[in-house]
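Here is the naming used below: chain letters follow the sequence lines, and residue numbers restart at 1 for every chain.
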Amino acid sequence: MDTPPSARGPATLTLAGAWRGARAMVPVFIPVFVFGAAFGVAAHAAGLEGWVAALMSALVFAGASQFAVLDLWQSPVPWVTILLATFAINSRHLLLGASIRPLTRGLSTWKRYLSMTLLSDLNWAALISAEARGERDLGYMVGGGVAMWVVWLSATVIGGAVGDFTLADLQRYGLDLVMAVFFATTLFGLRRKKIDDLPWLVAGLASLAAVWWLPANWHVLAGGLAGGVAGLIQYGRRP
Amino acid sequence: MNTTDALLVIFAMALVTYGTRAGGIWLVGFMPMSPRLEAFLRYLAGSVLVALVVPATVRGGAAAFVAVGVTLLAMVVVRRGLVAMALGILAAALYRAFMGA
């Protein structure tokens, strides 16, 4: 379990891997669908035509930033605010992508960058969780991403057309917590004995500090980087 | 917002978002792969997960603590992700139903 990724040879990108990844996403289909439908409803309420909301879900494919932009949907277009909000909310992808760089080893540049179009929290979490069990196929992330994209897009369309539930309903069923517990189970599988304790503690404290003291949406970036640096310092001090 | 603006906003958002998706591996590509860098990236992955879970739990209040706590406990006992997730969500839903949160 402590073998560095480099010792495990080049990564692959296969259909079989994509299928494994898609199946790993099944537990989150319902929450992703519910959030997508909620976005469809909210977009409709904000005055977006159905096809516009669907196009956004298809091309942007990043729920939190899509919700945020609905509040900014006005004329004249607040360009700077919209693009800054989009970047801030999605900047966590930078860390997700960086962390799976070793899993793109040996893949051609276009395969690597085409795969990244589907990078998202849930399929990334599924991939690194599988990597801890020996997975070396980037298709795992791509397949999970395609599955989520299909669910997310169809949910947006359906939500805009028929839905009338609210976020309060989601809370009652506890669905908003599915993401948190999904990440928690991933974290559990990722833990490598005691060497993770200190970096993870730093990450948790830094993310909370960012929630309290930084503008909204920077906590994942702050916590991730702080924990990574703490790990690096610990690595440097190891006998 | 008219249709032209709407399309421009969506394309601009898509570009910025793709930039964040591709930017991570692009930036790391400038650094030579070393055991040190790989160690950093592995700590990065775990730390990002922590930074996703911890604030969501704290902001979610008591029900979120119940959900995540029961899920982690269930992982220790049964070691099955799906079962643990289901138990965590069930516990949070019950908590909300009976505590009126």
* **A:Gln234/B:Tyr43 under side chain to side chain contact (heavy atoms under 4.5 Å, CB included): CA gap, chis, key distance, verdict** => CA-CA 10 Å; A:Gln234 180 181 274; B:Tyr43 282 117; 3.1 Å; yes

Answer with side chain, backbone, both or neither: which region of [X] has an atom nearer than 4.5 Å to a non-hydrogen atom of chain B?
{"X": "A:Leu55", "answer": "both"}
{"X": "A:Tyr235", "answer": "side chain"}
{"X": "A:Val69", "answer": "side chain"}
{"X": "A:Val52", "answer": "both"}

Under 4.5 Å heavy-atom distance to chain A, tell me which part of [X] shows up: side chain, backbone, both or neither.
{"X": "B:Val68", "value": "both"}
{"X": "B:Met33", "value": "side chain"}
{"X": "B:Leu82", "value": "side chain"}
{"X": "B:Leu37", "value": "neither"}

Winner by heavy-atom pair count (cut-off under 4.5 Å) against chain B, out of [options]:
{"options": "A:Ile82, A:Val211, A:Leu208", "result": "A:Leu208"}
{"options": "A:Gly223, A:Ala230, A:Gly224", "result": "A:Gly224"}
{"options": "A:Leu232, A:Val202, A:Thr186", "result": "A:Leu232"}

Looking at [options], which has the largest count of heavy-atom pairs under 4.5 Å with chain A?
{"options": "B:Ala84, B:Ala14, B:Ser47", "answer": "B:Ser47"}
{"options": "B:Val76, B:Asn2, B:Leu27", "answer": "B:Val76"}
{"options": "B:Thr3, B:Val70, B:Leu8", "answer": "B:Leu8"}
{"options": "B:Ala12, B:Ala86, B:Gly46, B:Ala64", "answer": "B:Gly46"}
{"options": "B:Asp5, B:Val9, B:Leu90", "answer": "B:Val9"}
{"options": "B:Ala56, B:Gly19, B:Ala67", "answer": "B:Ala67"}

For the [atom1] atom of [X] and the [atom2] atom of [Y], what is their distance to the nearest 0.5 Å?
{"X": "A:Gln74", "Y": "B:Met1", "atom1": "CD", "atom2": "CE", "value": "7.0 Å"}
{"X": "B:Met13", "Y": "A:Asn90", "atom1": "CE", "atom2": "CG", "value": "7.5 Å"}
{"X": "A:Thr86", "Y": "B:Leu15", "atom1": "OG1", "atom2": "CG", "value": "11.0 Å"}
{"X": "A:Arg101", "Y": "B:Ile25", "atom1": "CZ", "atom2": "CD1", "value": "6.0 Å"}
{"X": "A:Leu225", "Y": "B:Leu44", "atom1": "CG", "atom2": "CG", "value": "6.5 Å"}
{"X": "B:Arg42", "Y": "A:Asp196", "atom1": "CZ", "atom2": "CG", "value": "8.5 Å"}

* Asked: Do B:Glu38 and A:Arg105 meet the salt-bridge criterion of a basic N to acidic O distance under 4.0 Å?
  -> yes

Show the nearest heavy-atom pair for residues [X] and [Y], with the distance to one decimal.
{"X": "B:Val53", "Y": "A:Ala180", "value": "CG2-O, 4.0 Å"}
{"X": "B:Leu52", "Y": "A:Asp121", "value": "CD2-OD2, 3.8 Å"}
{"X": "B:Ala92", "Y": "A:Leu177", "value": "CB-CD1, 3.5 Å"}
{"X": "A:Leu59", "Y": "B:Phe11", "value": "CD1-CE2, 3.3 Å"}

* Option among A:Thr117, A:Leu119, A:Leu94 that satisfies the side-chain contact (heavy atoms from CB on, under 4.5 Å) test with B:Arg21 -> A:Leu119

Could you check if a side-chain atom of [X] sits within less than 4.5 angstrom of a side-chain atom of [Y], using non-hydrogen atoms only?
{"X": "B:Thr71", "Y": "A:Phe182", "answer": "no"}
{"X": "B:Tyr18", "Y": "A:Phe61", "answer": "no"}
{"X": "B:Trp26", "Y": "A:Met116", "answer": "no"}

* Does the pair B:Thr20 and A:Phe87 meet the rule for a side chain to side chain contact (heavy atoms under 4.5 Å, CB included), with working shown? -> CA-CA 7 Å; B:Thr20 63; A:Phe87 179 77; 3.7 Å; yes

* Assess whether side chain to side chain contact (heavy atoms under 4.5 Å, CB included) is satisfied between B:Leu49 and A:Ile128, documenting all intermediate values. => CA-CA 10 Å; B:Leu49 276 171; A:Ile128 58 164; 3.7 Å; yes

* Going through the checks in order, is the side chain to side chain contact (heavy atoms under 4.5 Å, CB included) test met by A:Phe183 and B:Val50? -> CA-CA 8 Å; A:Phe183 292 131; B:Val50 172; over 6 Å; no

